[in-house]
Amino acid sequence: MGFPEDDVISAMDRCGPNASIPELADSIYAAQTAKAAGIEDSEALRLSSSESSYDDEFETEPSDYYSILPPSPENQNWGKRPFHEKKRKWDELSHGKKKRTKQPNSIERKKWVEKPIGTHKKEWEWTGEPNWIGSNWNNASVLRRAGVTEPKMLGFGIPSMPDIVTSRFIPETAMGPPYFYFENVAISKKGTWETFSRFLYDIEPEFVDSKYFSVARRKRGYIHNLPIEKRSPLLPIPPLTIQEALPFTKEWWPSWDTRTKLNCILGCTGSAQLTERIRKALVSCNGEPSFETQKYVMEQCKKWNLVWVGLNKVAPLEPDEIEPILGFPKYHTRGGGSSRTERLRALGNSFQVDTVAYHLSVLKPLFPSGLTVFSLFTGIGGAEVALYRLGIPFKAVVSVEISEVSRTIFRNWWAQTNQKGVLLEIEDVKQLTNDKLQHLVSSFGGFDLVIGGSPCNNLSGCNRVTRDGLEGKHSSLFFDYFRILDVIKCIMAKRSKYSSHN
DNA sequence: GTGAAGATGAAGGCTGAA
DNA sequence: TTCAGCCTTCATCTTCAC
């Protein structure tokens with residue numbers, strides 16, 4: 001995360017051996033902020049590591065001050081005070097004033113629960129208040145109380161229902177420049193998204209299932225400070241059912257396979273041995289398969305996203321078929337020495353372009369002459385493809401991606417599409433020290449958009465071995481996303497202040 | 001030695017009934 | 001409101017073929 005070793009050791013001393021990475025990061029951040037504000041380390045140490053000292057100051061606040069939903073076993077985390085508030089306290093101390101985000105009172109929270117979700121915007125429109133519509137915090141019982149029979153991950157709106165949420169509150173500290181956009185898996189270890197939100201300036205996440213944008217499900221959360229009004233989808237609207245997206249399967253699709261959507265496209269695929277087992281099981285039935293056989297085949301087909309390519313013959317999707325489903329041009333990942341396995345892995349880790357483009361579409365009228373983009377964890381360039389398909393030109397892209405395969409794919413796309421802007425490639429986020437970031441901001445004149453989805457390896461439900469949450473080896477890189485974004489914001493704010501004085 | 005294929009559950013959310 | 005059963009999931013590790 002780029003913290004000096006001494007600061008880390010001090011934080012470990014303060015927080016104890018069992019402290020989580022977020023706790024340590026907060027403690028380091030608080031100490032650094034205090035130091036910058038000229039406050040004695042001893043006081044910083046006391047306030048950053050002592051929950052009681054914080055509570056004393058806000059003792060008049062209700063215990064569920066930060067709760068969005070009513071107290072329940074499902075939302076207990078929201079009764080806890082965010083780490084980010086501790087960090088903010090040091091901002092307040094250094095500036096001599098408090099900055100508090102207005103939170104809904106008990107009557108407003110009750111109103112949220114009682115109003116039907118997804119009926120009409122005016123019925124549950126909030127003026128500057130958090131709104132967790134479509135989030136994975138919406139447990140089934142809360143939704144049923146609210147009159148929702150089928151939980152949906154609609155975010156702040158989808159092309160067919162654009163007015164689900166028409167306004168939302170963005171804390172002053174979160175406002176740009178630059179705009180930023182963060183993405184990760186929606187369903188992960190408990191508390192993960194609370195941490196994401198806490199670090200990313202307490203912005204309300206937007207949870208969207210890409211099944212509304214494509215044939216495949218893809219439940220993802222997004223935190224950004226972009227406007228949410230007047231979004232527009234990419235055209236043409238991609239096919240939304242399996243048989244529209246993969247018409248060659250129609251001929252062989254059995255009536256008892258009722259799927260119309262694909263499940264999430266992952267980084268690995270079903271094996272040839274599995275499809276052969278399925279074929280033999282079906283052939284042995286001599287006609288209509290038994291209920292048990294149907295059940296077995298359906299389980300495997302759903303698990304591995306298998307489609308019908310012949311009589312009794314199922315097969316996994318090939319990279320060339322996945323690319324358009326995810327919104328990439330066909331053969332986007334082909335060539336450049338990448339194997340089928342590498343292509344599948346790269347695609348499984350990428351954005352769903354149509355979904356992201358819908359959110360980014362608001363940038364087009366704001367930046368008619370083009371964008372300067374800081375792209376973290378670029379992968380195969382999902383964000384850049386989305387912006388390109390929206391018709392937004394690039395002034396420059398600083399791309400950070402550790403995978404050589406992904407870098408090659410992205411570089412080839414950049415050349416193939418005759419991009420006129422500057423492309424600067426950086427391999428590792430760890431290389432981005434404060435000095436380096438200062439240099440980049442100066443060189444490019446600041447950035448309009450900081451975008452990226454940090455690795456989800458340790459968050460994904462697919463991971464059976466190292467599902468360690470945000471403390472995992474890969475997923476802890478989220479803190480680098482935050483670090484880099486925060487440094488860029490600070491540098492740009494200073495530049496803006498300096499230029500306005502002159 | 002290298003890369004591809006195959007085998008490996010559990011966590012968290014959803015659903016429906018009591 | 002609770003709970004049991006069901007469904008889904010940006011992966012990792014070992015084995016095997018070359």
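For the numbers below, each heavy atom of this structure counts, side chains included, while hydrogens, waters and symmetry mates do not. Predicted, not measured: the structure shown is a model, and the values here were computed from it.
Between A/Arg340 atom CZ and B/dG3 atom C1' the separation is 14 Å, expressed in whole Å. Distance CG (A/Asp468) to P (B/dA11): 12 Å, rounded to an integer number of Å. Distance CD (A/Glu299) to C1' (C/dT8): 13 Å, rounded to an integer number of Å. At whole-Å resolution of the value, CD in A/Glu342 and P in B/dA5 are 11 Å apart. In this entry the distance linking CZ of A/Arg464 with P of C/dT8 reads 15 Å, nearest Å. The distance from atom CG of A/Leu266 to atom P of C/dC7 is 17 Å, rounded to the nearest whole Å. Nucleotide C/dC7 holds its C1' atom 16 Å from the CH2 atom of A/Trp304, rounded to whole Å. Rounded to an integer number of Å, the gap from A/Asn349 CG to C/dT12 P is 9 Å.
A/Ser339 comes within 4.0 angstrom of the backbone, heavy atoms only, and of no base. Here A/Cys264 lies in heavy-atom contact (under 4.0 Å) with sugar-phosphate atoms only. At a threshold of 4.0 angstrom between heavy atoms, the contacts of A/Ser454 include nucleobase atoms, whether or not backbone atoms are also involved. Among the heavy atoms of the strands lying under 4.0 Å from A/Arg220 is at least one base atom, whether or not backbone atoms are also near.
Under the Watson-Crick or G-U wobble criterion, with both distances below 3.5 Å, B/dG9 is left unpaired in every strand shown. C/dC10 makes up no base pair with any nucleotide shown, lacking Watson-Crick or G-U wobble contacts both under 3.5 Å.
A heavy-atom distance below 4.5 Å is not found between the side chains of A/Val450 and A/Tyr179.
Mapping A/Ser350 and A/Lys295 onto DNA chain C by nearest heavy atom places A/Lys295 closer to the 5' end of the strand. Nearest-nucleotide assignment on DNA chain B puts the 5′-proximal partner with A/Gly270, out of A/Gly270 and A/Cys462.
The side chain of A/Ala272 lies closest to B/dG6, out of C/dT12, B/dG6, C/dC10. Of all nucleotides listed (C/dC10, C/dT12, B/dA11), B/dA11 comes nearest to the side chain of A/Arg467.
In this structure, A/Asp209 does not pair ionically with A/Arg218, as no charged nitrogen and carboxylate oxygen lie closer than 4.0 Å. With respect to the salt-bridge test (charged N to carboxylate O, under 4.0 angstrom), the residues A/Glu321 and A/Lys330 do not qualify.
In this structure, A/Phe394 and A/Trp414 have tilted ring planes: the angle between them lies in the 30° to 60° band. Note on ring orientation: taking the six-membered ring where Trp is involved, the planes of A/Phe182 and A/Tyr481 are tilted (angle from 30° to 60°).
The side chain of A/Asn263 contributes an N or O atom lying less than 4.0 Å from OP1 or OP2 of C/dT9. A sub-4.0 Å separation between OP1 or OP2 of B/dA5 and a side-chain N or O of A/Thr341 is present. OP1 or OP2 of C/dT12 has at least one side-chain nitrogen or oxygen of A/Asn457 nearer than 4.0 Å. Checking the phosphate oxygens (OP1, OP2) of B/dA7, a side-chain nitrogen or oxygen of A/Gln273 falls inside 4.0 Å. When the side-chain nitrogen and oxygen atoms of A/Ser460 are compared with OP1 and OP2 of C/dA11, one or more of them lie within a distance under 4.0 Å.
Under the 6.0 Å distance and 45° angle rule, A/Arg334 counts as a cation-pi partner of A/Tyr331.
For A/Arg345 against C/dC10, a side-chain-to-base donor-acceptor contact under 3.5 Å is absent.
Remark: the separation of the C1' atoms in B/dG9 and C/dC7 is 14 Å, to the nearest Å.
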